[in-house]
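Note on naming: letters A, B, ... go to the chains in the order of the sequence lines (proteins, then strands), and numbering restarts at 1 for each one.
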Number of protein chains: 2
Amino acid sequence: MESSIIVRAPLHVQVGERLRELIDQGTLAAGMRLNEAELCTQLGVSRTPLREAMRALASEGLLELQPNRGAIVSIVTVEDLTEILPIMSVLEGLAGRLACSCMGDDKIQEVREIHDTMIGHYQRKELSEYFQTNRLIHELITEGSGNQTLMESINSLSAKVRRARFTTEMTDDSWARAVSDHEEMIDALEKRDGIRLEQVIIRHVEAKGTTILGVIKNEYAPQS
Amino acid sequence: MESSIIVRAPLHVQVGERLRELIDQGTLAAGMRLNEAELCTQLGVSRTPLREAMRALASEGLLELQPNRGAIVSIVTVEDLTEILPIMSVLEGLAGRLACSCMGDDKIQEVREIHDTMIGHYQRKELSEYFQTNRLIHELITEGSGNQTLMESINSLSAKVRRARFTTEMTDDSWARAVSDHEEMIDALEKRDGIRLEQVIIRHVEAKGTTILGVIKNEYAPQS
DNA sequence: TCTCTTTATTTTGCATACAAAATACGTTAT
DNA sequence: ATAACGTATTTTGTATGCAAAATAAAGAGA
């Protein structure tokens, strides 16, 4: 009787995860062509599992397959973001509404603590830490919806937004507004006011989207 | 100089489409195990393109891959529908809101015509034709959003709902309500009142969801 | 008769080999 | 020098073969 059998995941799954990492961390940059043979030697696998993994990533939108011409790391365009952000908005809103019914008191308490931590980072102008805790809050609320499908949808879209890699520098004004949104969010969550939380999140994410798109346009034309 | 070169799609793509059809039409029933060798002879291809196609379908959620144990046609459970329907609701709502800004007058006119046709089917109690035109309206509005990502999300979820294959028999009451919702929808669309259209669609789809889930529960316990 | 073990068969996972398409390169002609 | 053609090389697409895992089957012991 073996007690610790390590059932290692199929190769193509491992390869898929590895590719995801490489894309996420930018080693495989957007627009880059993927050479199968090259990747094979690099990952130490044959073409079959690599290709299977690539199909999977392609149908998730991370890769773009060009018939007889290989695959490139898909590029997240401004147009893509313009499409994605409104969707994120209503989906995260829905997650918030559901979370108000589904989350346990302890989980809400947890969000409250992270929220307070985030406020501290805001007051000390610790941008990076602020973003990290901010993201954590959104993730906890998404999880809190208790809706697996919704989580997956949001995560998939969220990954694309992150891959866009814009330099997010907020103005004092938009930052203050974001924080005030979050104050209202945690309040609505603690009162389990789903409708209100949904509205606040929708507004909040829409504003965030506007900021992002604004920043990106500036990057395209920074001299203006 | 060849003028009509038919660039036939890669095999694995063709296979993927064929599998999708087979699953959609129920030839490959939910829960059914897929034998690679069997499918290969049946489709006249080797295992490699078949397997690649299967990975792709799996990451779209149509198949479920069990390591070393093959693939089964994924089963859409009541829990899945319970998760999916609220998402459909807000996504279709968003599509409606966007459609009010994006659709051309001619397209709206087209929806109006189909709407009137649908009302005719309702009055003559032509259930099947009613559903068909109903679905067409929802699809046109989704398209009308001009948001490709949103369309894909909705279509993907919508496909799962359809695969659940419940017997949709509406009561006179819920049918009347659905029609009245549609009257309000076409009105809001023609007035390009995005906010109102969004609200109506959300309510409408939620109600449809309630009906569906109700019906399914009855099927599970029909004697009650 | 039932259960557990052992063996045989099927089925999946991976690697390799071959074919076809696309790209790169060099040559020739204008 | 440039453009166009043809060849060589690279790269992708598909098929097949072998190994490992899972399932089915058969047999031995209780």
Side-chain angles (χ1 to χ4, degrees), chain A residues 1-20 22-23 28-75, chain B residues 1-20 22-23 28-75:
Chain A
M1 210 247 283
E2 300 295 327
S3 62
S4 60
I5 301 177
I6 306 285
V7 192
R8 85 179 203 293
L11 253 192
H12 58 265
V13 174
Q14 292 185 50
V15 171
E17 287 170 7
R18 187 86 192 92
L19 284 180
R20 215 184 296 275
L22 290 173
I23 293 174
L28 297 176
M32 195 176 185
R33 288 258 319 231
L34 300 188
N35 185 299
E36 291 184 3
E38 197 178 318
L39 274 174
C40 282
T41 56
Q42 197 171 324
L43 298 177
V45 298
S46 83
R47 287 177 58 212
T48 310
L50 173 67
R51 286 175 59 87
E52 288 180 355
M54 280 168 54
R55 303 291 157 203
L57 293 197
S59 60
E60 285 173 39
L62 270 81
L63 296 182
E64 196 172 314
L65 300 181
Q66 300 164 330
N68 292 317
R69 292 177 55 179
I72 65 169
V73 180
S74 70
I75 299 170
Chain B
M1 209 251 279
E2 300 295 328
S3 63
S4 60
I5 301 175
I6 307 284
V7 193
R8 83 178 201 294
L11 254 192
H12 57 263
V13 174
Q14 293 184 49
V15 171
E17 287 170 7
R18 187 87 192 93
L19 283 180
R20 217 184 295 275
L22 290 173
I23 292 173
L28 296 176
M32 197 175 183
R33 288 252 328 220
L34 300 188
N35 183 298
E36 291 183 3
E38 198 177 319
L39 273 174
C40 282
T41 58
Q42 196 171 326
L43 297 176
V45 299
S46 83
R47 286 176 57 211
T48 309
L50 174 67
R51 284 174 60 88
E52 288 181 355
M54 280 168 53
R55 303 291 159 204
L57 294 197
S59 60
E60 286 173 40
L62 270 80
L63 296 182
E64 196 172 316
L65 300 182
Q66 300 163 332
N68 293 316
R69 292 176 54 179
I72 65 169
V73 180
S74 70
I75 299 171

Query raised in the report: Of all residues at least two apart in sequence or in a different chain, which pass the side-chain contact (heavy atoms from CB on, under 4.5 Å) check with Glu17(B)?
Result: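 Applying side-chain contact (heavy atoms from CB on, under 4.5 Å) to Glu17(B) gives Val13(B).
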
Protein-nucleotides 8-13 of chain D N/O pairs closer than 3.5 Å?
unit_1: dT11(D); atom_1: OP1; unit_2: Asn35(A); atom_2: ND2; d: 3.2
unit_1: dT12(D); atom_1: OP1; unit_2: Leu34(A); atom_2: O; d: 3.3
unit_1: dT12(D); atom_1: OP2; unit_2: Glu36(A); atom_2: N; d: 3.4
unit_1: dG13(D); atom_1: OP1; unit_2: Asn68(A); atom_2: N; d: 3.0
unit_1: dG13(D); atom_1: OP2; unit_2: Arg51(A); atom_2: NH1; d: 2.8
unit_1: dG13(D); atom_1: OP2; unit_2: Arg51(A); atom_2: NH2; d: 3.3
unit_1: dG13(D); atom_1: N7; unit_2: Arg47(A); atom_2: NH2; d: 2.9
unit_1: dG13(D); atom_1: O6; unit_2: Arg47(A); atom_2: NH1; d: 3.0

Query - Pair listing, salt bridge (Lys or Arg N to Asp or Glu O under 4.0 Å) test, anchored in residues 40-59 of chain A, at least two apart - result: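 Salt bridge (Lys or Arg N to Asp or Glu O under 4.0 Å) check on residues 40-59 of chain A returns Glu36(A)-Arg47(A), Glu36(A)-Arg51(A), Arg51(A)-Glu52(B), Glu52(A)-Arg51(B), Glu52(A)-Arg55(B), Arg55(A)-Glu52(B).
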
Atom pairs and distances, side-chain donor-acceptor, residues 58-65 of chain A, under 3.5 Å, sequence neighbours left out:
unit_1: Ser59(A); atom_1: OG; unit_2: Ala56(A); atom_2: O; d: 3.1
unit_1: Ser59(A); atom_1: OG; unit_2: Ser59(B); atom_2: OG; d: 2.4
unit_1: Glu60(A); atom_1: OE1; unit_2: Arg20(A); atom_2: NH1; d: 2.5

Query raised in the report: In chain order, what residues pass the side-chain hydrogen bond (donor to acceptor under 3.5 Å, both in side chains) check against Gln42(A), with sequence neighbours excluded?
Result: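 Counting only residues at least two positions away or on another chain, Gln42(A) forms no side-chain hydrogen bond (donor to acceptor under 3.5 Å, both in side chains).
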
Requested in this report: Not counting sequence neighbours, which residues clear side-chain hydrogen bond (donor to acceptor under 3.5 Å, both in side chains) with Arg69(B)? List them please.
Outcome: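 Scan of Arg69(B) (side-chain hydrogen bond (donor to acceptor under 3.5 Å, both in side chains), adjacent residues dropped) gives none.
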
Query raised in the report: Under 4.0 Å: is that the gap between some side-chain N or O of Thr48(A) and OP1 or OP2 of dC14(C)?
Result: no

Query - Interatomic distance where CD1 belongs to Ile72(A) and P belongs to dT23(C) [whole Å] - result: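 In whole Å, dT23(C) P and Ile72(A) CD1 are 13 Å from each other.
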
